[in-house]
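Hydrogens, waters and symmetry mates play no part in the numbers below; they use all other heavy atoms, side chains included. All chains are named by letter (A, B, ...) in the order of the sequence lines, taking the proteins before the strands, and each is independently numbered beginning at 1. These numbers come from a predicted model, not from an experiment.
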Protein chains: 2
Amino acid sequence: MDRHRTEKNETKSAQGRPTLKMLAFMTGLGVTTVSRALKDAPEIGAETRRRVQLVAKQIGYRPNRAGVRLRTGRTNVISLVLNTDREIMSFVSDIIYGVSEVLAETPYHLIVTPYSRSQDPMEPIRYLVETGSADGVIISRTQPNDPRARYMLEHGMPFATHGRTEMGLVHPYHDFDNHAFAMGAVRRLASMGRRRLALLSPPPGLTYHAHTVNGFADALSEVGASEIPFNTVSIDNTIEQIRTRTAQLMRRDIRPDGFVSSAAAATLALVAGIEDAGLVLGRDVDVVSKQSADLLHLFRRELLVVNENFRMAGAELARSVLGLIGGAEPGTLQRLVVASDVQAFSPPAAV
Amino acid sequence: MDRHRTEKNETKSAQGRPTLKMLAFMTGLGVTTVSRALKDAPEIGAETRRRVQLVAKQIGYRPNRAGVRLRTGRTNVISLVLNTDREIMSFVSDIIYGVSEVLAETPYHLIVTPYSRSQDPMEPIRYLVETGSADGVIISRTQPNDPRARYMLEHGMPFATHGRTEMGLVHPYHDFDNHAFAMGAVRRLASMGRRRLALLSPPPGLTYHAHTVNGFADALSEVGASEIPFNTVSIDNTIEQIRTRTAQLMRRDIRPDGFVSSAAAATLALVAGIEDAGLVLGRDVDVVSKQSADLLHLFRRELLVVNENFRMAGAELARSVLGLIGGAEPGTLQRLVVASDVQAFSPPAAV
DNA sequence: CTGGCTATCTGTAACGTTTCAGTATATGGA
DNA sequence: TCCATATACTGAAACGTTACAGATAGCCAG
C-alpha cells in the first residue's frame, strides 16, 4: 500500500543514469560498500573492490556531481574570474585554453565568472566564497595590495593569481618577469642608438605596472638614456586614445626615438599614432613590444618583440590551484617566468 | 537520547549559509511554505509572502545550487562548447563576453566545455547530455549535417548553434550572412576594377563555407569577374601555411588582383604572403576581409573590411538558449545578421 | 448542522552521495 | 572456553531542495 516504500527488487533495469543504489543492487552489496570500493578504501576486500569497479565501468557509472556536492561541499569546479571589458583579447582565450588543457584530465570543470566595468572586483569573489560555488579560483589583474587575495586567504578559498601581490602573504602565483622584460627592451633600444625612450605601460594599480616601470627606469640609468614621460595613457586605454596620444607626443619637438610597449594590441595603436605623425618605424623610432601570438611581425616587420605565453600561464595557474587543493605548500606553487630575448624579424624560409 | 533528532529550536544563529530551514525557523513557518513564498507560488498569503521575502533578503539567502540540482535536475548552467585549437582567438573572448553579459542577469552560470584536436566533437556533447551537466548548450563550428545538433535534439537538450544546419530540423541559431558578405566583397572589388578574384574561405565542412563560396561565385558571375582557385588553404590553417601558399599563388603568371578573406587573423597572413611576393596592397591587389575587432585598418590602411560582431552573437545565442529553456518556439529563435557594407579606411579626425 | 468548498499552511519523502556507528564473522591469545 | 581484535561489510542519517498528499480553519449553500 505504501507508495513510497522503495522496494529493493526493482525490476526495471534500463533506468536512467546509473547510481550507487543501482550498482549496489547489481552487485548484491550495500551502497556504502560500493561507494567505498569505488574510491579504493582500505576496508574493502580486494575481490569485492575489483568486482564493483568492473561493474561500474561496464554500466558507465559516473558520480552525480550534485549528490557529491551536496554531501561534501566539494564542487569540482575551478572558477576563472575575468574582467569583461578590460582583459586583452588574446589573453582571455589563451589563458582559458591553458586552464582547460589541465582540467581536462581531472574531474574538475572550468567555470568563467565575469565582472564588468561598473562592478566592484570583489563582488564575484564574494559570490564564489559565500555560495561555495568553486573549489578554487584563478584571478588576474593582480594588485600589490589585492583585497581579493586577502579575502580568499582569510576565508580559506584556494586560489592562484596571475601576477604577484606584495602583502607579505604567501599564495600561489604565476608571473612574467616584466622587470627583466623592460630592462631587456631598453638595452636593446639603447644598443640601436636610441636615447630618448618612452614606456607604454600596464595600467597603474596592477602589480606589474611597477615591475615594468622599475625595470624601465633601472635600465635607463644603466645605459644612460633618458625618459620621455608617456604616462597619460596605458595599455588599458582604447585603441583610439593610445593612437591620438601617441600622435600628439610624436609631434612635439622633444619626442621619443624608442618605445617599450607592454601589449600587442596597444602596440598596433602606438604604431598607428607614430605614423599619423608622419614618422617612420625603424628610421625615426623603434618599438619593442610584448606579444602573446606571433602577429606583430606581420604587422610591421621593423617591430621588436618579446613573447609572453598566456596559454602556459593558464596551465600553470590551473596546476597551482589543483596543487593547493591537494594540500601542497602554497610557497612551492609560485613561478616567475623569465623574459626571453628581444626578437627582431627574421624572414621566413624561401618557398 | 537520540543524537540524531534535529531539534527545531536551534540556538546557534550565526550558522554558515542561510538555508530554507533557517528561514523557516526565523519566520515560524514550515520549509515548504518558505520555499513556495520565495517563488511567488499562488497558494501563499500575500503578507506571508512579503514577510518571508523580506527576511530572506535581510539574511542574504541564496538557494543552494546543489540542493536544487539534486532535487530538480536543473543545473542553472549553460555550457559553451569550444574547440580548443581551432577557434579563432578573438572569436572566443568576444563570444564569451556576449554570453556572460546575458547570463549575468540570470541565475545561470557559464561553463566552458573544451575539446581538442584529437577528440571527437561529439564527446563533450555526449558528456553534457549523459551527465546532465547543463540545462542548455551553445555550439559553434556548425556543419550542414551536424551530429551534435541531431543528438541534442533527440535527447531533448536545449541548444543554439552559431551558424545554421541543413538537416530540415528546426533549432535556434545565430548566423552571419556570409553569402551576402561574399557578394558585397566581390562587388566592391569589381567596382575597383579587380577582375581575377580569389577566396580565402572558411574550412570546408562548416556550413558557412558553402554560404561564402556560393556568395562569392554568385557575385562573380553577376559582375563578370573570374575566380583564381585558392582552395588548398582555409582560414583554419596556420599563419605560416596561409602565408607561404599565398606567396606561391602570387608568384604565378596568372594571379589574383583581389582577395576575399573570411577572418582577420588569416588576412594578416594573407597580406604577409602578398608582400613576400613583392606585390603591393592597394596597387597590385586589393583585399576585403571580415574582422571582429577594428584592427585591420591599423595593420594596412588599404584593407577593406566588413565587421562581424561576435559579442552580439554570443549574447544572442545565450538569449536563444534561455528562451528555448523557457519554452519559446525554436523557430522564433533564429537570426540571420545581414552583413554591413564594405568599409574603406577613413583617417581619424585631426588632433 | 452537515458537507463541501477555498485559502493557507505543513510533514514527509526523495534526489545521490558520504560518513557515523555499528554488526557479523573469523582469528588468535590466554 | 572466553575475550579481544581485525576484517569486511551494512543501515541510517544528513546535506538543501521541491513536490506530493494532506491538514486546519473559515465560509457558504443546502
Task: Distance test, side-chain N/O of A:Thr33 to OP1/OP2 of D:dT10, below 4.0 Å - done: yes

Open item on the list: Does a side-chain N or O of A:Lys21 approach OP1 or OP2 of C:dC15 to a distance below 4.0 Å, or not?
Closed with: yes

Open item on the list: For a quick check of understanding: with a heavy-atom distance under 4.0 Å over all strands, which category does B:Arg69 fall into, base, sugar-phosphate or nothing?
Closed with: nothing

Open item on the list: Using a heavy-atom cut-off of 4.0 Å across all strands, would you classify B:Thr32 as base, sugar-phosphate, or nothing?
Closed with: base

Side chain of [X] (C-beta onward), nearest among [options]:
X	options	answer
B:Thr72	D:dG16, D:dT18, C:dG11	D:dT18
A:Tyr61	D:dT18, C:dT17, D:dG11	C:dT17
B:Thr19	D:dT17, C:dT17, C:dG16	D:dT17
B:Arg71	D:dT10, C:dT10, C:dA13	C:dA13
A:Glu43	D:dC9, D:dC20, D:dT17	D:dC9
A:Ile44	D:dA19, C:dC9, D:dC9	D:dC9
A:Val68	D:dC9, C:dT17, D:dT17	C:dT17

- [ ] Give a yes or no on whether the ring-centroid distance for A:His109 and B:Tyr127 is below 6.0 angstrom.
- [x] yes

- [ ] For A:His171 and A:Phe159, run ring-ring contact (aromatic ring centres under 6.0 Å, His included): C-alpha distance rounded to whole Å, both residues' side-chain angles, the deciding distance at 0.1 Å, then the answer.
- [x] CA-CA 8 Å; A:His171 60 81; A:Phe159 70 98; 5.2 Å; yes

